[in-house]
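Here is the structure we will look at.
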Amino acid sequence: MPIYSSDSDNETMPRTKLFGRQRPIRSVLGGGQVADVLLWENKGVSAALSIGMTILWFLFEVAEYSFVTLFCHISITAMLVVFIWCTSAEIFNWTPPELPTSILDKSTFHEFASTFHERFNQALSSFVDIACGKQPALFFVAIFCLYILSVIGNYFTFLNILYLCFVCLQTLPFLYNKYEDKVERYAGELTREVKKMFRRMNSNVLSKIPRGPQKEKKAR
């Protein structure tokens with residue numbers, strides 16, 4: 001005897017993009033240099049950023065460096081290298097080093113801030129929609145994920161969680177872009193199973209909850 005008869009288990013649903021997106025993943029990530037880094041199209045910058053963040057995580061979390069100590073040691077080392085280099089250039093008549101006065105231009109920071117602002121507003125809008133109950137399935141999934149995250153937070157430091165988020169940000173968009181068809185197929189199957197589960201719950205539990213008699217409206 002089937003649990004519910006309104007929809008069959010073998011129903012077919014049209015293929016949709018993950019999270020209902022209509023644009024390609026590069027456009028969703030903001031395009032430009034930020035998307036190049038996250039999708040590993042600029043492999044040099046992406047690898048340097050990943051290695052640099054890994055080194056910082058190791059120094060702070062494993063070697064237990066403090067931020068002030070690490071900053072001072074890096075500054076001392078950099079100043080000694082520059083001092084020795086410049087002094088040697090004067091003594092041996094070498095070409096003096098050309099030290100840059102800036103590393104990143106203003107447009108790079110502006111692009112990063114604009115992309116972060118847009119993604120944050122989209123996430124906040126989605127959070128409000130889910131909290132208002134517009135998507136019941138995602139509401140329960142979000143509650144469950146937040147609870148799991150709260151449990152994980154008891155066993156990991158903030159730096160570990162921040163580094164884990166960075167690793168996910170550097171790997172998940174790249175892997176999704178590379179295996180997009182497979183991910184969307186599996187995500188579609190998972191979404192269908194979740195919807196079936198909620199329909200069963202509604203049919204067997206929620207619909208059988210007794211409700212009080214509705215008051216008839218008085219005719220005017």
Side-chain angles (χ1 to χ4, degrees), residues 18-19 21-125 149 152-183:
L18 196 61
F19 305 119
R21 64 182 179 86
Q22 302 296 327
R23 299 178 296 169
I25 184 65
R26 178 180 175 80
S27 178
V28 172
L29 294 175
Q33 298 180 7
V34 175
D36 290 343
V37 172
L38 295 180
L39 296 177
W40 285 77
E41 295 180 0
N42 192 339
K43 293 182 175 59
V45 177
S46 300
L49 185 61
S50 299
I51 294 173
M53 290 297 295
T54 302
I55 292 175
L56 288 178
W57 171 81
F58 177 83
L59 292 175
F60 285 129
E61 191 65 25
V62 180
E64 296 183 350
Y65 256 92
S66 67
F67 176 77
V68 175
T69 302
L70 179 62
F71 176 78
C72 292
H73 285 179
I74 292 176
S75 300
I76 291 172
T77 303
M79 292 179 66
L80 287 175
V81 170
V82 173
F83 175 77
I84 294 173
W85 193 354
C86 292
T87 304
S88 301
E90 292 180 0
I91 295 175
F92 299 102
N93 294 324
W94 294 343
T95 302
E98 296 181 0
L99 301 177
T101 57
S102 63
I103 299 177
L104 298 176
D105 54 10
K106 186 184 298 184
S107 62
T108 303
F109 285 102
H110 178 74
E111 181 182 350
F112 177 80
S114 177
T115 302
F116 176 79
H117 179 263
E118 182 181 356
R119 297 288 87 78
F120 179 80
N121 284 340
Q122 291 178 354
L124 182 61
S125 177
L149 185 61
I152 294 176
N154 292 327
Y155 301 95
F156 294 92
T157 63
F158 175 75
L159 182 60
N160 279 332
I161 295 178
L162 187 64
Y163 179 68
L164 179 61
C165 292
F166 170 79
V167 172
C168 292
L169 190 63
Q170 279 290 94
T171 56
L172 293 182
F174 169 75
L175 294 175
Y176 173 73
N177 186 57
K178 188 174 182 180
Y179 304 103
E180 183 175 352
D181 293 336
K182 294 181 179 179
V183 171

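Quick caveat: nothing in here was measured; it's all calculated off a predicted structure.
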List for me each residue that meets ring-ring contact (aromatic ring centres under 6.0 Å, His included) alongside Phe60, sequence neighbours excluded, and say none if there are none.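 For Phe60, no residue satisfies ring-ring contact (aromatic ring centres under 6.0 Å, His included) once neighbours in sequence are set aside.
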
Holding to ring-ring contact (aromatic ring centres under 6.0 Å, His included), I want the full list of residues that pass it with Phe83, two or more places apart in sequence or in another chain.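 Partners of Phe83 under the ring-ring contact (aromatic ring centres under 6.0 Å, His included) test: none.
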
Indicate yes or no: at least one non-hydrogen side-chain atom of Val183 is less than 4.5 angstrom from one of Leu175.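 Val183 vs Leu175: side chains apart.
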
Is any side-chain heavy atom of Phe166 less than 4.5 Å from a side-chain heavy atom of Leu49?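 A side-chain contact under 4.5 Å exists here.
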
Can you name the closest pair of heavy atoms from Cys168 and Pro173 and give their distance?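 Minimum heavy-atom contact is O-CD, 3.5 Å.
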
Which heavy-atom pair separates Leu56 from Leu70 by the least distance, and what is that distance?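 Closest approach of Leu56 to Leu70, heavy atoms only: CD2-CD2, 4.0 Å.
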
side-chain hydrogen bond (donor to acceptor under 3.5 Å, both in side chains) with [X]: which residues, sequence neighbours excluded?
X: Ser88; answer: none
X: Thr157; answer: Glu61, Asn160
X: Thr87; answer: none
X: Asn93; answer: none

Any salt bridge (Lys or Arg N to Asp or Glu O under 4.0 Å) involving residues 64-75? Give me the pairs, sequence neighbours left out, ordered by first then second residue.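 Found none.
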
Going by salt bridge (Lys or Arg N to Asp or Glu O under 4.0 Å), name the pairs with one or both residues in residues 77-94, residues two or more places apart or in two chains.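 Not a single pair qualifies under salt bridge (Lys or Arg N to Asp or Glu O under 4.0 Å).
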
Could you name each residue pair satisfying side chain to side chain donor-acceptor pair (under 3.5 Å) that touches residues 38-47, not counting sequence neighbours?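 The answer is Arg26-Glu41.
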
Which residue pairs satisfy the side chain to side chain donor-acceptor pair (under 3.5 Å) criterion with at least one member in residues 71-82, sequence neighbours excluded?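 Residue pairs with at least one partner in residues 71-82: Tyr65-His73.
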
Gap between atom [atom2] of [Y] and atom [atom1] of [X] - 0.5 Å precision:
X: Tyr179; Y: Phe174; atom1: OH; atom2: CZ; result: 7.5 Å
X: Leu164; Y: Leu169; atom1: CG; atom2: CG; result: 11.0 Å
X: Phe156; Y: Leu162; atom1: CZ; atom2: CG; result: 14.0 Å

List the residues meeting side chain to side chain contact (heavy atoms under 4.5 Å, CB included) with Cys165, not counting sequence neighbours, and say none if there are none.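 With neighbours one apart ignored, the set is Ile161.
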
Going by the rule side chain to side chain contact (heavy atoms under 4.5 Å, CB included), which residues pair with Ile51 if we only count those two or more places apart in sequence or in a different chain?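 Scan of Ile51 (side chain to side chain contact (heavy atoms under 4.5 Å, CB included), adjacent residues dropped) gives Ile55.
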
Between Thr54 and Ser50, is there a donor-acceptor pair closer than 3.5 Å when you use the side chain of the first and the backbone of the second?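 Flag set: sc Thr54 to bb Ser50 pair under 3.5 Å.
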
